[in-house]
Amino acid sequence: MLRTQGGAAHRLLPHYRWLCALVLLAIVCSGCTRRYWRDQADRQVFGLWNGFTAEAGQPSREQTIGIRPQSRMFDPTNPDHPPMAPDDPVAHSRMHFVDGMRGYRKWHKYGSVPAVDDEHWRAYLPYDQDGRVLLDRNSAVQISLMNSRDYQRELEDLYLSALDVTFERFRFSSQFFFTNNTLFTTVGSRRPGSLNSSSILNNNANFEVDKLYAGGGQLVADFANNIVWQFAGADTNANVSIASFNFVQPLLRFAGRARILERLTLSERSLIYNVRQMEQYRQGFYGQVITGRSPGDGPVQRGLGAGVGNPIPSFTGVGGYFGLLQSQQIIKNQEANVATLRDSLARLQEEFDANRLKDKFQVELARQALYRGQSTLLATKANFQTSLDSFKLLMGIAPDVELKVEDPLLKQFQLIDPDVTRLTELAGKLALKTHRNDEPITDADLAALVGAEEGMREEIEAHLVSLEADYETLLGAMPAREAQLTTLLNRPEVVRGEVERGAYSIEALQNRVKSLRVDIDGLKKGFAATWEGLEKIRTDLATGNQADIRERLKRSYPDLSSQLLALTLAKARARVDAVVWVPIELSASDALETARINRRDWANARAQLVDIWRLIEFNANALKSGLNVTFAGDVQTRGDNPINFNGSTGRLVAGLQFDAPLTRMIERNTYRGVLIDYQRNRRAYMQFEDRVSQNLRLILRTLELNQLNFEIRRSAIQVAIQQVDLARENLNRPPRINETAEAYAVARASIGRDLVSALSDLLDTQNDFLNVWVTYEVQRLNLDFEMGTMLLDDQGMWIDPGPIRVDPNAAVNDRLMGDQDPNEADAPLPLPPLPPREEFPEIRIEGVPAPQPPEPLPPPDARVPGPVVKPVAPPGPMPN
């Protein structure tokens, strides 16, 4: 530092105006806005995101972590200057006054909000006219994608993974730094060590460039300028500049591309993994919303040494939206059961009151069954609401939102038409009136049956038309039904007689269809006769006496009740036989090979094993000797000219730095640990493959089981329908010719128990039939997901592949076939072309013969030489 005395300080500004400009520039460039840096990060990350998505062969989607305004998570405030969220009052006081000290005064400069959720999102939900949110498969997925906090977190994890890549790339770019330090120092004349008083202004500016090279070399170039003014005495100053550089190139330890590029390599490979993982999570998230399965792991930020992951656990249950639909249909089945029990109780009570049923116990048995059914219905509805609340949390919406689950998917399983059941109840209530002599029969009572506008006749005629439509649907499904039964008849379980062969009989199906046709025609004639009789009674009501009218109605109501029940059961028979399942004809080996080619997490598992393998080379480098080549130099200016560099003021240093590998305990332990870690991950990869195989085998086994069970449950429903029909026929039948009263009473002694048992069996078989089909559909979706062939459209909805089967004569990549239309089983459409299977170098173990029997492998404790890999052509030169 140069000191001079004398001069005047007022001459400083005219001579060094550029210094003031430099200080002003430093103030202006003290920092860009928060938004600038956020936008810069977004541009880099989304550019990487798009590039890596295309490179990994994943579907191109909108790349953003922004939250749409319709979402509950949307924050309408400034993202760079968010207002304060609601705070706890007691803790908040510490922000303004803590430990006797006044706190920061401007905590509220950006304002505050009264709540984290401002309720704006409710206005964007799809409401019906009753103010409830309509929920079908599409809206359930769209609401979930928009509001799910878990899904948003996975997107942000992918963003952070790309952000890691930007940093690792930045390490190899030229990095520029500029610093400036300005100090003013004044020293008194009596300060020890000082001869005179002085006032010194020192300005030090430094500009530096750093560059890291792929081989480990590091260059630092620096330009520094130092200006000193002395304000005591003469107006003097000193101006010195120095330009320097320093280059260090390791040759052994901590050198080489395998070591230096590892962090960048791993970050970019991890981004590829995460791009794949995000697409798989997107598919799994659809599965979670629709079926309740776990979506699996999403993107994660990985560091050095990340190991082989685990496949998503197998899932055999039913939850999510399918679970809600199934519960809702079970409620409808239970409501129909309760309505039928109520009507049956009324009929039994009527029989008992008329002294045609001697045992009061049969009436009370039906009453007890009705109470039990009503109690079960209440509990089922309460459980449904609990499941609905849980589903709201999965979607990310508040539990107080009223939802209406409405989807035609399970309409085909509404075997008992609730409208016909309602008409049956209405007819039962009118029938009870005929047994109360204190209430006269009016024209309004008969109009409720056969009235042109208010009567049930028109509704029943519409249901007969609907029954014809159900029958036509059944005829249309017959080719698919017969083809499926033919397939099942050849299944080993049926051939060996492990299941009743009659459940898969094509002839029995054809006979049921013919019998249904006859019953439909009989129903039409029976209703026509009933309407004619009731019209006659209505005509005679004005002139006939009440007792006669009442007796005629008592004889007519059993026929009407029986016909309504027959209409209900005919619809059930038509609908139950019309249901088909989507064919899946796939072996476990073909499914596993398809998964090996297509699964994203499997591709990641292979790559992650190689990540661990690379660490062997990475950590072995630290065991070497340290040998660095250093080359450095600098040159200074002469006089006060800041750019007057002169070679005579320069310096050049070159040399070698050597570090003998005498102490490498930490490095040795790390190296040995990574060798063990690699073997562990090899075993983990084997386990990964085994678990995928296990999951696929379980899914295929469940699908095959449900195909067999579906027909068994279908047959069980047919039997239950016949039981109900027989029980009601026994209830309604009059005494036979020459049948004594005692014999008639004995024949009807258990009609209450038989009817209750038949209705209970019908309810159980309906629910079982529904459960088998829903489970089958869930597993069909799981199979598509587990094989890695699942496709989603731009709205996040599953593109159903339809039937899946294998052409054994095609190449592996072309064997898997699918149909978009399940009813077009004979016109398979190929899935998108599968990527070629990755080729790996052949590995041969010396001393171990080729795996040809009967040559045995060495015993487990034998010392086997390490693997010898066939030479592979070296890669091209890497860019610097």
Side-chain angles (χ1 to χ4, degrees), residues 124-148 283 285-293 317-336 380-381 383-397 401-419 466 469-470 473 477 571-572 575-576 578-582 706 710 766-767 769-782 784-785 790 792-793 795-802 820-823:
Y124 296 100
L125 296 175
Y127 295 98
D128 64 2
Q129 63 273 17
D130 297 325
R132 296 176 297 179
V133 176
L134 287 173
L135 200 67
D136 56 15
R137 276 169 292 173
N138 184 72
S139 63
V141 173
Q142 299 310 312
I143 292 174
S144 300
L145 288 172
M146 190 179 301
N147 295 281
S148 171
Q283 297 169 355
F285 185 76
Y286 175 88
Q288 183 182 32
V289 172
I290 298 300
T291 70
R293 67 162 298 149
V318 177
Y321 186 73
F322 270 7
L324 293 178
L325 285 181
Q326 183 177 6
S327 298
Q328 192 176 62
Q329 187 58 48
I330 288 174
I331 289 174
K332 292 178 181 179
N333 292 344
Q334 187 69 31
E335 288 174 337
T380 305
K381 287 183 175 181
N383 292 335
F384 175 76
Q385 291 299 324
T386 300
S387 300
L388 202 58
D389 284 347
S390 299
F391 190 71
K392 295 172 190 175
L393 293 181
L394 171 64
M395 292 192 297
I397 62 177
V401 175
E402 292 293 330
L403 296 181
K404 179 183 179 182
V405 180
E406 190 172 76
D407 198 295
L409 178 66
L410 299 186
K411 188 174 180 60
Q412 58 186 327
F413 291 93
Q414 192 170 323
L415 306 182
I416 305 301
D417 194 323
D419 290 335
S466 173
D470 290 337
T473 301
K571 280 195 166 191
R575 292 177 179 180
V576 73
V579 179
V580 297
W581 39 265
V582 180
N706 285 346
F710 197 61
Q766 277 183 270
N767 293 340
F769 185 58
L770 171 65
N771 182 65
V772 171
W773 187 86
V774 171
T775 302
Y776 185 84
E777 284 297 295
V778 168
Q779 293 306 316
R780 198 166 63 85
L781 188 151
N782 285 342
D784 201 17
F785 178 78
M790 186 176 185
L792 301 179
D793 62 19
Q795 301 301 316
M797 300 300 293
W798 180 40
I799 301 176
D800 192 336
Q820 295 299 330
D821 186 355
N823 296 321

Do Val582 and Glu777 pass the side-chain contact (heavy atoms from CB on, under 4.5 Å) test, and can you show the C-alpha distance, the side-chain angles, and the key distance before you say yes or no? CA-CA 8 Å; Val582 180; Glu777 284 297 295; 4.1 Å; yes
Before you tell me yes or no, could you show the steps for Val289 and Phe391 under side-chain contact (heavy atoms from CB on, under 4.5 Å), namely the whole-Å CA-CA distance, both residues' side-chain angles and the distance that decides it to 0.1 Å? CA-CA 8 Å; Val289 172; Phe391 190 71; 3.9 Å; yes
Taking only residues two or more places apart in sequence, or in another chain, which ones meet [X] in a salt bridge (Lys or Arg N to Asp or Glu O under 4.0 Å)?
{"X": "Asp130", "result": "Arg132"}
{"X": "Glu406", "result": "Lys404"}
{"X": "Lys332", "result": "none"}
{"X": "Arg137", "result": "Asp407"}

Could you check if a side-chain atom of Val774 sits within less than 4.5 angstrom of a side-chain atom of Phe413, using non-hydrogen atoms only?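 No - every pair of side-chain heavy atoms lies 4.5 Å or more apart.
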Within this structure, what is the [atom1]-[atom2] distance for the pair [X] and [Y], rounded to the nearest 0.5 Å?
{"X": "Lys381", "Y": "Gln328", "atom1": "NZ", "atom2": "CD", "answer": "11.0 Å"}
{"X": "Arg780", "Y": "Thr291", "atom1": "CZ", "atom2": "OG1", "answer": "12.5 Å"}
{"X": "Met790", "Y": "Asn782", "atom1": "CE", "atom2": "CG", "answer": "9.0 Å"}
{"X": "Gln329", "Y": "Leu415", "atom1": "CD", "atom2": "CG", "answer": "7.5 Å"}
{"X": "Gln334", "Y": "Asn767", "atom1": "CD", "atom2": "CG", "answer": "7.5 Å"}
{"X": "Trp581", "Y": "Trp773", "atom1": "CH2", "atom2": "CH2", "answer": "13.5 Å"}

By side-chain hydrogen bond (donor to acceptor under 3.5 Å, both in side chains) - contacts of [X] (at least two apart):
{"X": "Gln326", "answer": "Asn771"}
{"X": "Thr775", "answer": "none"}
{"X": "Gln142", "answer": "none"}
{"X": "Asp389", "answer": "Lys392"}

Can you check side-chain contact (heavy atoms from CB on, under 4.5 Å) on Met146 and Tyr124, steps first, answer last? CA-CA 11 Å; Met146 190 179 301; Tyr124 296 100; 5.8 Å; no
[X] versus [Y], closest heavy-atom pair with distance:
{"X": "Asn706", "Y": "Val772", "result": "O-CG1, 3.5 Å"}
{"X": "Ala578", "Y": "Ala477", "result": "O-CB, 3.6 Å"}
{"X": "Leu135", "Y": "Ala140", "result": "CD1-CA, 3.8 Å"}
{"X": "Pro126", "Y": "Ile143", "result": "CD-CD1, 4.1 Å"}
{"X": "Ile416", "Y": "Ala572", "result": "CD1-CB, 4.1 Å"}

Suppose we screen for ring-ring contact (aromatic ring centres under 6.0 Å, His included). Which residues come up paired with Phe384, at least two apart in sequence or across chains?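 For Phe384 there are no ring-ring contact (aromatic ring centres under 6.0 Å, His included) partners, ignoring immediate neighbours.
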Could I get the full list of ring-ring contact (aromatic ring centres under 6.0 Å, His included) partners for Phe785, not counting sequence neighbours?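 Partners of Phe785 under the ring-ring contact (aromatic ring centres under 6.0 Å, His included) test: none.
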Any sub-3.5 Å donor-acceptor pair from [X]'s side-chain atoms to [Y]'s backbone N or O?
{"X": "Ser139", "Y": "Leu134", "result": "yes"}
{"X": "Glu335", "Y": "Pro418", "result": "no"}
{"X": "Arg575", "Y": "Asp470", "result": "no"}
{"X": "Tyr321", "Y": "Asn138", "result": "no"}

Of Leu792, Val141, Ile290, Leu145, the residue whose pairing with Phe285 passes side-chain contact (heavy atoms from CB on, under 4.5 Å):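 That would be Leu145; it is the only one of Leu792, Val141, Ile290, Leu145 passing the side-chain contact (heavy atoms from CB on, under 4.5 Å) with Phe285.
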Once side-chain contact (heavy atoms from CB on, under 4.5 Å) is applied, do any residues pair with Thr380, and if so which ones, sequence neighbours excluded?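 Residues passing side-chain contact (heavy atoms from CB on, under 4.5 Å) with Thr380: Ile330, Ile331, Thr376.
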Just to verify, what does Gln385 make a side-chain contact (heavy atoms from CB on, under 4.5 Å) with, not counting sequence neighbours?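 Residues passing side-chain contact (heavy atoms from CB on, under 4.5 Å) with Gln385: Leu388.
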Could you go through the side-chain contact (heavy atoms from CB on, under 4.5 Å) check for Leu403 and Leu324 one step at a time? CA-CA 11 Å; Leu403 296 181; Leu324 293 178; over 6 Å; no
